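What you are looking at is a predicted structure, and each value in this text was computed from that prediction instead of being measured. This chain uses plain numbering: 1 for the first residue, then up along the sequence.
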Amino acid sequence: MNDSRGADLLWSGMRINVLGPWQVAVSGGLPEIKGAKRYALLAALLLDPGRTVSRERLVDAVWEDDPPTSALANLRTYVADLRRALGPLADGRPRLASSASGYAIEVGPEELDLLCFEKLSGEGLAACRRGDHAAAVSFLARAVGLWRGHAFDGVELGSWARARVTALEDRRWEAQLALADARLALGRHEDVVAGLRDVVAERPLSERAWALLMTALTAVGRRSEALDAFARARAVLDRELGVRPGPELRAAHERALAADRPAVRSADHRAGPCALPAPVSDFVGRQGLLAGLGGWLTGHDGPLVAALSGPPGVGKTALALRAAHLLRPSFADGQLYQALGASTGRQRPPGEVLAEFLRTLGVRELPDGVEDRAALFRSTVAHRRLLVVLDDAADVAQVRPLLPGTGSCRAVITSRHRLTALEGAHAVTVAPLTETEGIGLLAAVAGPARIRRERDAATRIFLACGGHPLALRVAAVRLAMRPAWPLATLADRLWDEPHRLDELTIGELSVRAYLESSFRRLADGARRAVALLARHVGDDVPAGRVAEVLGRPEAESDRIVEELMCANLLVPTGGAEPSYRLDRLFRLYALYAR
């Protein structure tokens, strides 16, 4: 495992390369590290460099589900062995530090290729967001070039460590696609073809990778190869997920069909700034909404603003970003993005956001007042074709100063509340995923073969999550972290209603936290109403019985119902008699988690 003697390792210091087969060198030589378990321990520490990793996680990394009774003692022995092999820091402190809760390894980017990759890819993605494609190519090419194969190749890892390696591989893939995108923006189409062929071979379910490959092939006149790529993408999507190509892939197909000569962009073309975060890599479904947004926002007579609203965790941000990335060719003067922070409690003031927008657009001298900044913003973009994405808005007062004022610009807003007072906006309610879409999301994250083997259990997981993408993603990540775990085990746990929200938490992703932030924004009367509606027997409350259930006069009950509907927490249901239903996961929060 440590028998590589590449010249790049022979230097007077420590060098560990984990982005491929293991390479470890200390002071120009190869340290003596014996046994697979010591390598598994070192890998677990290197996956979180500089941070303490708990003994429990390290035991899982080394022995997984079958630790010996002497596991903690053995762990101390392995740590001592690694300390001797790797040597101390320059100041004499041990490179492997211990604490009451666990162990940590201290390394820098010049010593660990993983940290170097994180630094370079972070710089590259930031350059992409500000539209500096040349800098993005410089950073991302170096970042991607650090990879020599699969991360930690040759090391036996426990489930926790395997999940972290999977996430690391996802970051490599994100960097590869961003690099291809930046090269395409610079007109370097031929440079990306070979790399994208490797990506689609490794990630055949990535519609974005297929679309970029088709774009590059079409641009250099290889139209038949682009059409062949579409046929292969369509076949694999149908076979593995049972879905048709989405809007981005279809658009690439239409461009290939229409191409009769190379359409290479000039290498000195300067695109407008793109401040969009990367789209969700495993986005599924929503084809009707994406097509609708594309039509509304690019039509000459369409609305200037599309306002997406829906309950917490329903996927509004993912939808807005996917649409914005698909629409980039239609807004050549740039795409601006800002998270407005309504659900986090750190709401961004309009004046601060306008300052960032104006600086991104090249304005250096800014007026002080919000109204003056808003006027300057509108005049700056008046003759541009610009798309503005405002994510997680609190209310109309927060977003109104941030909107461009001309028909050549468009805006997409996401909010948990319906922005009913925003004049001229096209309101779009984002509903939970359909069963086909939800199962597709589980397959994209946890693996299609696994979902096919236990389709009934996957359906139960979908139903327990209420079709909410956030909840489904948490469930899928938990499954990915435990590849030997039967889906039925998680499905059974999720059907235990009092503990369902406990199960829908992994790391920093917590469905309960999303629901709690919406609950806290309600007025006291609406909070009390939620508790009463949640305890009502049956899912639906007939409209005629709402006042009775709430114990309030009819006029007051109607106002509360409207507040909950504006917050997308109470949904009107059809039938012979009008009725209302609490969002499924929000009802569980009201019953068990407050």
Can a donor-acceptor pair be found, under 3.5 Å and without considering hydrogens, that links the side chain of [X] to the backbone of [Y]?
X	Y	result
S70	A73	no
T489	W485	no
R416	P312	no
S415	A393	yes
R162	A480	no
R38	Y78	no
E106	R95	no
Q398	L340	yes
W173	V199	no
D113	V18	yes

[X] bridged to [Y] by N-O distance under 4.0 Å:
X	Y	value
R208	D181	yes
R84	D81	yes
R452	E240	yes
R346	D392	no
R450	E454	no
D153	R148	no

How long is the gap from [atom1] on [X] to [atom2] on [Y], to the nearest 0.5 Å?
X	Y	atom1	atom2	answer
Q338	E352	CD	CD	8.0 Å
I413	L390	CD1	CG	5.5 Å
I105	E111	CD1	CD	9.0 Å
L276	L321	CG	CG	6.5 Å
L146	C116	CG	SG	5.0 Å
R55	S98	CZ	OG	7.0 Å

On a heavy-atom basis, which atom in [X] and which in [Y] lie closest, and how many Å separate them?
X	Y	answer
G310	N568	N-ND2, 3.3 Å
F357	Y337	CE2-O, 3.9 Å
S206	L177	OG-CD1, 4.3 Å
G50	A104	C-CB, 4.5 Å
A180	L212	CB-CD1, 4.4 Å
V193	A216	CG2-CB, 4.0 Å

Please evaluate residues L487 and L490 with respect to the criterion side-chain contact (heavy atoms from CB on, under 4.5 Å), reporting the C-alpha separation (whole Å), side-chain torsions for both, the decisive distance (0.1 Å), and the verdict. CA-CA 5 Å; L487 267 66; L490 180 58; over 6 Å; no
Does NZ or CZ of R500 fall inside the cone over W495's six-membered ring, less than 6.0 Å from its centre and within 45° of the axis? yes
When the ring planes of F117 and W147 are compared, do they come out parallel, tilted or perpendicular, using 30° and 60° as the limits? perpendicular
Evaluate the side-chain proximity of [Y] to [X]: yes if any heavy-atom separation is below 4.5 Å, no if none is.
X	Y	answer
T166	M481	no
F283	L319	yes
Y589	V511	no
P469	L441	yes
L168	R172	no
T434	E437	yes
L58	Y103	yes
L82	L41	yes

Pick one: which of H150, E174, R164 meets side-chain contact (heavy atoms from CB on, under 4.5 Å) with E169? H150
Checking side-chain contact (heavy atoms from CB on, under 4.5 Å) between P311 and each of D583, L515, V430, which is the one that passes? D583
Is the number of heavy atoms from other residues, nucleotides or ligands within 6.0 Å of OH (Y514) greater than 12? no
Given S121 and V144, is the side-chain contact (heavy atoms from CB on, under 4.5 Å) satisfied, shown in steps? CA-CA 8 Å; S121 61; V144 172; over 6 Å; no
From CA spacing to verdict: salt bridge (Lys or Arg N to Asp or Glu O under 4.0 Å), E516, R512: CA-CA 6 Å; E516 182 177 12; R512 178 187 283 108; over 6 Å; no
Decide yes or no on salt bridge (Lys or Arg N to Asp or Glu O under 4.0 Å) for E110 and R15, but give the supporting numbers first. CA-CA 8 Å; E110 73 284 355; R15 181 73 181 181; over 6 Å; no
Pair S101-S54, side-chain contact (heavy atoms from CB on, under 4.5 Å): steps then yes or no: CA-CA 5 Å; S101 57; S54 70; 5.5 Å; no
Are N74 and R76 linked by a side-chain donor-acceptor pair shorter than 3.5 Å? no
side-chain contact (heavy atoms from CB on, under 4.5 Å) between Q335 and V389: does it pass, once the steps are laid out? CA-CA 8 Å; Q335 306 85 37; V389 180; over 6 Å; no
